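For reference, the structure is listed below as structure tokens.
In what follows, chains carry the letters A, B, and so on, assigned in the order in which the sequence lines appear, proteins first and then strands, with residues in each chain numbered from 1. All figures in this text were calculated on a predicted structure; none of them were measured in a lab.
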Amino acid sequence: MASRYDDVMSLSVRRGFLWPAVDLYGGFSGFYDYGHLGARLKRKWEDLWTAHFLGLGDNYYLIDTTTILPEVSLKASGHVDHFTDILVTCTKCKESFRGDHLIEAVTHEEAEGLTTAEVDAKIRDLKIRCPKCKGELGPSRPFNMMFPVGVGPLGQDRAYLRPETAQGVFLNFKREFEALRRRLPMGLAIVGRAYRNEISPRQGAYRMREFLQAELQIFFDPATFGTTLPVDSVKGESLRVARGAEKHAPTANERTVADLIRDGLPAFYVYHMVLVQRFYLDRLRVPRERFRFAELDERERAFYNKVHFDVQVAQDSLGGFKEVGGVHYRTDHDLSGHALASGKDLSVPVADRKVLPHVLELSFGVDRNVWALLDLGYEVAGDRSVLHLPPSLAPVVVGLFPLLSKQGMPERAEALYRDLRPGFDAFYDETGSIGKRYARMDEVGTPYCVTVDHTTLGDGTVTLRERDTMGQVRVPGTSLAAILRDLLDGRREFRALGSPVSRP
RNA sequence: GCGGGCGUAGUCUAGUGGUAGAACAGGAGCUUCCCAAGCUCCUAGCACGGGUUCGAUUCCCGUCGCCCGCACCA
């Protein structure tokens, strides 16, 4: 019995969205490659994300930074120390545990950051045994989630593949602040790869060792940011949130912006939650009930976050609400860390004061979002399978077919294809029956199909078919480009295009 | 990493100690023509490595990978 996950993965592999990397040699756990449709879908998601989030501010820009970072910079960010877990394995039942957690459970004191020798000593002194089988615990060993890289001919310069794109922004903060003429708020975004040596990659594109992040870091003056935003204009807007323990249930509560601010969340933070929710509901067309913000408590949050809500989308292939992004209030953690370690003052002048800017991070996993689109969009009903992608994200926007492979119809259809090709992701097909061609387009999410038929030969009109409704209208072939552009940009509705063509 | 299950064309699968069939998909052709029609032909597979054996896709071991549970998840 194939699961929902298998169905989505099968579609992805068959049609060219994504599949396991290096599968010629049996695969490479935690790594996935994108095929021709997946790469285009991913690129369109990135473009949409970039347009939406850079549009949130006049001083928001995209930058691009290295994926390899020297140890000193990641030491300053806290990743060298905090991204390392000390693991202890039971010699009897082979179960592994985090050393600091074992010690904290007994002493109720913070034990994170201890060395392996210290953990071993504590375990011995406190006579800690395996919590599961009471067996004897083996020696502890460090495990860092970052991939080490030896730079230089002898590999003598210790470095790591970046575990998040954000550090590239912080390292370039001072340069950009000058280049952008010293203005706050300033937004710097990176869409790029990041790497984590996950112990156990799972669930396809959900937990990967190499993945693509889209992150926007907004630098601001904590004293004034909330008051400079049009928070009042969204006060009545409702957000879907699960706070504290609520996230363990597959639901969310509708809470107004005003409510959340009254509960103590910073106004600027809630304001940006609204903008993120709009991106998912309005732009990505995620059904409202499948979207929510899930709050992480102190124990679950990363070491640098003061307020943290996951952005989650409910996906049947992954068993419910799963993280696709996050809204993180990182305070001045990063800039102060880099200021301390580099010896450079990263505070900036604001009016007559010096301010170390705070950071609000809007962070998204691109691969997770692409998978969510496939999961949400894929529908199998009887013998028809349809991928309901938002038209603006569909890797193929329009299919062009001749009804018959004769009477000059292929030439007419191909001419239309040539006309549209420069401006649209168009696809021409004359093989098989017309129904089969529609079916193929439906399955890869193509929102519109155009067919040249007998009537076309007389008056130049063609049929335009909409994927989701299978409805057809007749439009002039010469207007196709303009009509498609309007449909994709949301300026026109398909049903408003004209009277439907009836079919037998 | 531990435990369990699994690995046969692109996909989904049948099957055997004597090297494999089907369906769907794909290609060519005929025919038909507005929602995966039909017919003919074709392409294509036992994850990888080792062992046992006259002979291994099948049995055994290892590796890799996938799924589930545990742990982990800045």
Paired nucleotide for B:A44 [Watson-Crick or G-U wobble; both distances under 3.5 Å]: none
Sugar-phosphate only, base, or nothing, as touched by A:G204 at under 4.0 Å among non-hydrogen atoms: sugar-phosphate
Base-pairing assignment for B:A22 (Watson-Crick or G-U wobble, both under 3.5 Å): none
Polar side-chain contact A:S200-B:C72 base: donor and acceptor under 3.5 Å: no
Most 5' of A:S385 and A:G432 on RNA chain B, judged by nearest nucleotide: A:G432
Qualifying residue for side-chain contact (heavy atoms from CB on, under 4.5 Å) with A:L69, from A:T65, A:T67, A:T66, A:V72: A:T66
Nucleotide B:G10, atom P - distance to NE2 of A:H36 in whole Å: 17 Å
Validation row, ring centre A:Y329 to ring centre A:H358 under 6.0 Å: yes
First of A:Q203 and A:S363 reached from the 5' end of RNA chain B, by closest nucleotide: A:Q203
Touch class at under 4.0 angstrom, heavy-atom based, for A:F401 against every strand present: nothing
Presence of A:K436 side-chain N/O under 4.0 Å of B:C34 phosphate oxygens OP1/OP2: no
A:R465 NZ/CZ over A:Y448 ring centroid, <6.0 Å and within 45° of normal: no
Ion pair check, A:D375 and A:R368, cut-off under 4.0 Å: no
Phosphate OP1/OP2 of B:U31 contacted by A:K406 side-chain N/O (<4.0 Å): no
Side chain of A:R202 (C-beta onward), nearest among B:U11, B:C35, B:C68: B:C68
Pair partner, B:A56 [Watson-Crick or wobble, under 3.5 Å]: none
